[in-house]
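Read through the structure below, which is laid out as structure tokens, and then see the notes.
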Amino acid sequence: MPTMNMIQALNSAMDVMMQRDDNVVVFGEDVGYFGGVFRVTAGLQKKYGQTRVFDTPIAEGGILGTAIGMGAYGLRPVVEVQFADYIYPAFDQLVSEAARLRYRSAGEFWAPLVVRTPCGGGIFGGQTHSQSPEGIFTHVCGLKTVMPSNPYDAKGLLIAAIEDDDPVVFFEPKRLYNGPFDGHHDRPLKAWSSHPTSDVPEGHYRIELGKASIVRPGNDVTVLCYGTMVHVCLAAAEEAGIDAEIIDLRTLLPVDVDTIEASVKRTGRCVIVHEATRTGGYGAELSAIVQEHCFWHLQAPIERVTGWDTPYPHALEWEYFPGPARVTAALKRAMEVA
Amino acid sequence: MSKKMKKPESLRLHVPEPKSRPGHSSDFGEMHLSPAGAIPRPAADAAESKLRELPYGLIRVLDDAGQACGEWAPALPTETLLKGLRAMMLTRAFDERMMRAQRQGKTSFYMKCTGEEAVAVAQAMALHPDDMLFPSYRQQGLLIARDWPILDMMCQLYSNSADRLKGRQLPVMYSVREVGFFSISGNLGTQFPQAVGWAMASAIKNDTRIAASWIGDGTTAESDFHHAMTFATVYRAPVILNVVNNQWAISSFQGIAGGESATFAARAIGYGMPGLRVDGNDFLAVYAATQWAAERARTNHGPTMIELYTYRAAPHSTSDDPNAYRPSDEAAHWPLGDPILRLKQHLIASGIWSDEQHAALQKEVEDQVKVAGREAERIGTLGSANPDPSTLFEDVFKDLPVHLRRQRDEMLGA
Ligand SMILES: Cc1ncc(C[n+]2csc(CCOP(=O)(O)OP(=O)(O)O)c2C)c(N)n1
Ligand SMILES: [Mg+2]
């Protein structure tokens, strides 16, 4: 099996889908000739031509609006918003249009589109190249929300998202593009090639949306996380010497309640971790789900580790980033309660 | 009866492509350039309906020999010309040093404006010092022309303990209220309607100050462009809306932004706003056009859009390699030359400058950058002199709310 980093795996997903279905089109800012500022669409225009892979004007609202129109025609647009921080000009088209088209037309029209967008910090990108706005989209009825944490999942989830008949917002943690990152920014960079999930099949395979993955089975405490934080949580559990069960949610909406419930009922403890800001964030939803489904099994208060409720700072990036030390402390707190 | 049925034509999608890509020779062949001095200069209070040819011309003052020609040639004292030359040269030297500093790992990111220095410098000089500026990230020349200390700019680039923005912003996202330089956003185009709003406020308050804003060719596609143009015309706001057409938006040529069949300046016509199209590498033409638009705004004749026709000679940013999408020698083929060399040529042709003086000035600005650079590095480069972590929570709101106070305490381990 070929070894792929996350960029190559995502590229392969689009390649496979463009090959299988000529209704799949790819567009966005700089995605055509250049292949995207993170090179995720590299080579696709050359292979599939300019009318299936093309550059767009810098207008996220225009990208989403036209994607909806193409979706209504019968195409399957896979569009890129260059950074999740720049998705807001497209907000109206996503929230008022893509998300509700099926409902308001009673199933007459729908928009089977995928919005791919790099998210998260850890690259000294400052406040406009670091955000994790996934919680804003999970709050919108009618949008599916996905965030992979490794190359294998990224490809399978992106294929499932492209094949899905509903709009999917697909967040790509940019800090993971070239290697797994456990939050230890002072240590040498790791490449994906030494990670088992970099074995990515060349052809078509799907990872069903709405299914979480238990990346580390354990008995003491359940950790709910996704994206970059999966790697941070794995490192933290190791360092804390705690037998944590780490669940990579992969799809945030629809979320895999069954897997969460079974785990928390067994461990009786739960730590929720995301890079996004805290208040009104997706962690609050997870916390509510856990108490709704597992209240009588909980042995300790649910812990949340998140980014602070401030814009993402430039110089103080690592003070902001919820790294292994903060996760370790939360795991210990969760374990302390007898 | 056999009427030949015409088969309906299949539709085709048009996707604009630049004339040349890497591996091909650079081609600006079909570029239509008005000769220097060819465009008449209307009165600054002329009716918009009389100005509709301007967006399809190109206002140029300096000819190939460095002579100032035609009605747009501004009568500027030598002192102003030399100040402009110096500010452009300082901007370029500053860019060179800070690009190198990024490569040396002293900061995370940098963006040069090489080839576009006349835009910010001449425009800042043609405006009043208290007019309000709403720039994009490529107008560092505005600060330099307003004599803002480059040491302060460097501290922002290094996010060090002397950074007025407390290390929060990506390098180049300056904010300097003291010289009327609005906080730069990373989100493209947002400043355009904000400048209009500032100008409307100035009119509401019967003030005398006007506003100016800058966006790139690529950014004209954002809806904020339309919002700005609409509000500015509706309320006849005293604002100058500049579109810096440097031919590229990262890897997309200006045709992707809609510049293939009409000029950017021509968009103004549809709004009922005057649109000027100016040789952006011609210091005198940029100065004159800005002065015209400023006079119009100051006398309650409303907004003007200016397209500054120029070329982004440098990579988009330190994260970019333009050789991947345009011929590597394209900058050398840009037919409108280099703004610094063209002003230098004019000054020499006018008998007020020499190669020797130019070389001495070059050394002077490089030394100035070197001295400031050393001082900035002494204070600290990125990561070596971080602002106090507790400042992370300041300025989200005017007063620190309880949830942020708790988060701050948690971070500090209190
Ligand atoms: C809303 C938004 N979308 C996308 C980006 C990413 N981006 C940053 S600069 C840039 C190109 C801008 O080109 P142009 O407006 O021509 O300005 P130039 O860089 O040429 O000065 C893009 C796409 C952004 N910063 N903001
Ligand atoms: Mg541009």
Worksheet item: Please walk me through it: do A:L94 and A:I87 pass side chain to side chain contact (heavy atoms under 4.5 Å, CB included)?
Response: CA-CA 9 Å; A:L94 268 168; A:I87 205 165; 4.0 Å; yes
Worksheet item: Taking it one step at a time, do B:F264 and B:F225 satisfy side chain to side chain contact (heavy atoms under 4.5 Å, CB included)?
Response: CA-CA 11 Å; B:F264 291 97; B:F225 170 81; over 6 Å; no
Worksheet entry | Residue pair B:I184, B:V172: steps toward the side chain to side chain contact (heavy atoms under 4.5 Å, CB included) verdict | CA-CA 8 Å; B:I184 298 174; B:V172 314; over 6 Å; no
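Of the possible donor and acceptor atoms, one in the side chain of A:Q8 sits under 3.5 Å from a partner among the backbone N and O of A:N5.
The distance from atom CD1 of B:I379 to atom CG of B:L151, rounded to the nearest 0.5 Å, is 5.0 Å. With rounding to the nearest 0.5 angstrom, the CE atom of A:M6 is 6.5 Å from the CD atom of A:E172.
Chosen from B:L170, B:L165, B:L404, the residue pairing most often with chain A at heavy-atom distances under 4.5 Å is B:L170. When each of B:P387, B:G383, B:G255 is checked for heavy-atom pairs under 4.5 Å with chain A, B:P387 comes out on top. When each of B:P171, B:G216, B:G189 is scored by its heavy-atom pairs under 4.5 Å with chain A, the top score falls to B:P171. Residue with the most contacts toward chain B among A:G35, A:G62, A:G125, A:A329: A:G125 (heavy-atom pairs, distance under 4.5 Å). If you tally non-hydrogen atom pairs under 4.5 Å between each of A:A59, A:G32, A:G126 and chain B, the highest count goes to A:A59. Most heavy-atom pairs under 4.5 Å with chain A, from the set B:P16, B:A257, B:A324: that is B:A324.
Both the backbone and the side chain of B:F393 come within contact range of chain A, each with at least one heavy atom under 4.5 Å from a heavy atom of that chain. Using a 4.5 Å cut-off between heavy atoms, B:L392 contacts chain A through both its backbone and its side chain. Heavy atoms closer than 4.5 Å to chain A are found in both the backbone and the side chain of B:L13. In this structure, the portions of B:V15 lying under 4.5 Å from any heavy atom of chain A include both its backbone and its side chain. Proximity to chain A (any heavy atom under 4.5 Å) is shown, for B:P22, by both the backbone and the side chain.
The two residues A:S287 and A:I302 have their closest heavy-atom pair at O-CD1, 3.6 Å.
A centroid separation of 6.0 Å or more is found between the aromatic rings of B:F192 and B:F231.
For the pair A:L64/A:L113, a side-chain contact is recorded, criterion being any heavy-atom separation below 4.5 Å from C-beta on. The closest side-chain heavy-atom distance from A:S132 to A:F171 is not below 4.5 Å. Residues B:L188 and A:I58 form a side-chain contact, since some pair of their non-hydrogen atoms from C-beta on lies under 4.5 Å apart.
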All inter-chain donor-acceptor pairs under 3.5 Å (chain A, chain B):
unit_1, atom_1, unit_2, atom_2, d
A:D30, OD1, B:S251, N, 2.8
A:D30, OD1, B:S251, OG, 2.6
A:Q50, NE2, B:E17, OE2, 3.0
A:I58, O, B:E222, N, 3.2
A:D85, O, B:N187, ND2, 3.1
A:Y86, OH, B:G186, O, 3.3
A:Q127, NE2, B:Q169, OE1, 3.2
A:D309, N, B:Q407, OE1, 2.8
A:D309, OD2, B:Q407, NE2, 3.0
A:H314, N, B:G167, O, 3.4
A:H314, N, B:R168, O, 3.1
A:H314, ND1, B:S159, OG, 2.7
A:H314, NE2, B:S108, OG, 2.6
A:A315, N, B:G167, O, 2.8
A:A315, O, B:N386, ND2, 3.4

